[in-house]
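What follows is one structure encoded as structure tokens, with my remarks underneath.
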Amino acid sequence: MNENTILKIEDVSVIYENGKGISNFNLNFDKGDFVALVGSNGAGKSTLINAISGIQKLNNGRIEFNDKYITSKYPYNILGFSPQSQVIDWYLTVADNVKLGLLLAGKKTKEVQSMVDEALDIVNLKGKQDLSVDQLSGGQQQRVQIARAIAHNPYFYLLDEPTTGLDAESSEKFLRYLKSKTENEECAVLLSSHDLTLLENYCKKMIYIDQGEIVYFGNIKDFVNNNSNRKRYIVEYNGELDSEVLNELKVIAKDVVMIDENNNLVLDLDLDVNVSSLISIIEKNVKLINIKNENISLRDTYLNMKGRR
Ligand SMILES: Nc1ncnc2c1ncn2[C@@H]1O[C@H](COP(=O)(O)OP(=O)(O)OP(=O)(O)O)[C@@H](O)[C@H]1O
């Protein structure tokens, strides 16, 4: 195993009695990796996460940890695991929930309080530390679970839909925190979510699973570049576009024509569309100021690909 590799998955299959599950997964996670796990409902994301966490038995293959980071003697030390279902202790306060996680991770009592404070700060629950968790909203309870998963500064974060139920600002703050961890410390993150825009903004790599199989594992940028069959053009212009011209553009651009909030014309074009012919149509009607060329988002690329599969 490469010295930068934290965790390696070789030929892993988990097949449930009904024949569903995941088959022949080969993956590896190096330090610095921030990996998005994407796929439709039932694709196999939680199965993979639970297999890595050890709560799901494998039918085949093995999961190897680099013993530089992970010793099987102290698994809680290494994994920052937040499963999809809530696993908080309802009879404890917010702070005690996090403290319990730290003690299970083998942290010494004297270092625990500052780690609790830091984790609660990251999830914006500092003022609520003495409340019992059943007094919190659903999103706040989810944040307690996150705090418990991250408080011990694990080498590997294993997070199953951690932002579900979180407000936009908490989700952004949490992903920003994870990004800075992967950039500055020896750790890696695997995080599942259906929020592809959030994932694209923070993660570097992605695993795309469909019906228990890996469709893609690699950089998000490469996925978008290689699989998007369209490019976006943003056209800034002076004047008023006639509806006739817009209709003409819509025929060529197969209806994917919009006017954005800055009153620019947005065209999502198939790669084989001749852009200059479109521009001459626009120029007949208005004065062109600028044309910007953008890649399509991960979300649009993914939805497009799903439509084709
Ligand atoms: N304990 C189980 N017994 C039998 N089948 C299961 C079990 N757990 C999951 N499955 C099936 O395995 C497949 C993968 O499920 P999994 O929970 O891993 O999907 P997921 O990608 O996490 O979905 P979601 O986005 O809905 O959380 C599904 O078809 C699911 O019905």
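Computed over heavy atoms, backbone and side chain alike; hydrogens, waters and symmetry mates excluded. Remember, it's 1-based here, ligands and their atoms both numbered in the order they're listed.
- A salt bridge does not link Lys231 with Asp268: none of the charged nitrogens is closer than 4.0 Å to a carboxylate oxygen.
- Under a 4.0 Å criterion applied to the non-hydrogen atoms of Glu161, ligand 1 contributes the atoms 25 (O), 27 (O).
- Surrounding NZ of Lys173 are more than 12 heavy atoms belonging to other residues, nucleotides or ligands, all under 6.0 Å away.
- Checked by atom type, the side-chain pair Asp134/Ser132 shows a donor-acceptor distance below 3.5 Å.
- Between Ala43 and ligand 1, a contact under 3.5 Å exists for at least one N or O pair.
- Set against the non-hydrogen atoms of Thr47, the atoms of ligand 1 under 4.0 Å away are 14 (C), 15 (O), 16 (P), 18 (O).
- Taking a 4.0 Å cut-off on heavy atoms, Gly44 registers as neighbouring ligand 1.
- Under the ring pair (Phe, Tyr, Trp, His ring centres under 6.0 Å) criterion, Tyr202 pairs with no residue at all, not counting sequence neighbours.
- Among Asn41, Ile22, Ile209, the residue whose heavy atom sits closest to atom 26 (O) of ligand 1 is Asn41.
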Before you tell me yes or no, could you show the steps for Glu185 and Lys181 under salt bridge (charged side-chain N to carboxylate O under 4.0 Å, His left out), namely the whole-Å CA-CA distance, both residues' side-chain angles and the distance that decides it to 0.1 Å?
CA-CA 5 Å; Glu185 292 177 30; Lys181 280 273 170 190; 3.0 Å; yes

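- With sequence neighbours excluded, the residues that form a side chain to side chain donor-acceptor pair (under 3.5 Å) with Asp30 are Thr5, Asn28.
- Residue Ser40 touches ligand 1 through its backbone alone, judged by heavy-atom distances below 4.0 Å.
- With ligand atoms numbered from 1 in the order given, ligand 1 contributes 18 (O), 19 (O), 20 (P), 21 (O), 22 (O), 23 (O), 24 (P), 25 (O) to contacts under 4.0 Å with heavy atoms of Lys45.
- Below 4.0 Å from some heavy atom of Lys20 lie the following atoms of ligand 1, by number and element: 11 (C), 12 (O), 13 (C), 29 (O).
- For Glu17, the closest heavy-atom approach to ligand 1 does not fall below 4.0 Å.
- Closest heavy-atom approach to atom 5 (N) of ligand 1 within the set Asp160, Asn18, Ile15, Val14: this belongs to Asn18.
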